[in-house]
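Here the structure is laid out as structure tokens; the discussion comes afterwards.
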Amino acid sequence: MPEYDLTIEVRPHPAGATVVVLAGELDHHTAPRLHRVLERLPAPLPVVLDLAGLGFCDSVGVAELLYAFRRTEQAGSVLVLVAVAPDLAHLLALTGVDRLLHRRTTVAEAVEVFRPPA
């Protein structure tokens, strides 16, 4: 049986967001772990999903991204994806999910999405 690996690191950002860093594979084997992490996040805070280390994402993984989006939206907050790989960007575009999700290149750019204007 192959090993399915997903590393999840959660850390607060000084701008008031929660940054969730994913590395490995987000698929039907590992998605439940991400779901549990997302459920435990403080709901009203913005969430930045840093996907720079994500090597693979299947449709179940995309469903978890949608869950994160719905959860933040229902709390009146925002979800931003960071460092989306070309293959995942293509999958998000094919499914139309790309129209729902904010995407940025870096975490620093992502926090600007929800930072109040100066």
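Start at 1 with the first residue, then count along the sequence.
- Using a 4.5 Å heavy-atom threshold, the side chains of Leu81 and Leu65 count as touching.
- Applying the side-chain hydrogen bond (donor to acceptor under 3.5 Å, both in side chains) test to pairs two or more places apart or on separate chains, none has a residue in residues 71-85.
- Note: the hydrophobic cluster containing Val111 does not contain Leu45 (ILVMFWY, side chain heavy atoms under 4.5 Å, direct or indirect links).
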Full working for side chain to side chain contact (heavy atoms under 4.5 Å, CB included) between Val78 and His102: CA-CA 8 Å; Val78 65; His102 295 282; 3.3 Å; yes
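- Scanning all heavy atoms of the two residues, the minimum distance from Val48 to Ala17 falls at CG2-CB, 4.3 Å.
- Here the OG1-CG distance, from Thr18 to Leu49, works out to 10.5 Å after rounding to the nearest 0.5 Å.
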Test side chain to side chain contact (heavy atoms under 4.5 Å, CB included) on Cys57 and Val62; report intermediate values, then the result. CA-CA 7 Å; Cys57 182; Val62 171; 4.1 Å; yes
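- Side-chain atoms of Leu79 and Phe114, non-hydrogen and from C-beta on, never get closer than 4.5 Å to each other.
- Note on residues 53-68: no pairs pass salt bridge (charged side-chain N to carboxylate O under 4.0 Å, His left out), not counting sequence neighbours.
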Verify side chain to side chain contact (heavy atoms under 4.5 Å, CB included) between Arg104 and Val113, making sure each step is shown before the conclusion. CA-CA 9 Å; Arg104 295 296 185 269; Val113 170; 3.5 Å; yes
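- Applying the side-chain contact (heavy atoms from CB on, under 4.5 Å) criterion to Thr106, with sequence neighbours excluded, gives Ala108, Glu109.
- Residue pairs that meet the ring pair (Phe, Tyr, Trp, His ring centres under 6.0 Å) test with at least one member in residues 33-78, sequence neighbours left out, are His35-Tyr67.
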Side-chain atoms of residues 6-14: list all donor-acceptor pairs with protein atoms under 3.5 Å, sequence neighbours left out, distances to 0.1 Å.
| from | atom 1 | to | atom 2 | distance (Å) |
| --- | --- | --- | --- | --- |
| Glu9 | OE2 | Arg11 | NH1 | 3.2 |
| His13 | ND1 | Ala15 | N | 2.9 |

Check residues 82-101 and write down every donor-acceptor pair under 3.5 Å in which the side-chain atom is one partner and the other belongs to a residue at least two apart or another chain.
| from | atom 1 | to | atom 2 | distance (Å) |
| --- | --- | --- | --- | --- |
| Thr95 | OG1 | Leu91 | O | 3.0 |
| Thr95 | OG1 | Leu92 | O | 3.1 |

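- A heavy-atom distance below 4.5 Å is not found between the side chains of Val107 and Val21.
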I'd like to know whether Val20 forms a side chain to side chain contact (heavy atoms under 4.5 Å, CB included) with Asp50, so could you lay out the CA-CA distance, the side-chain angles of the two residues, the decisive distance to 0.1 Å, and finally the verdict. CA-CA 6 Å; Val20 180; Asp50 185 344; over 6 Å; no
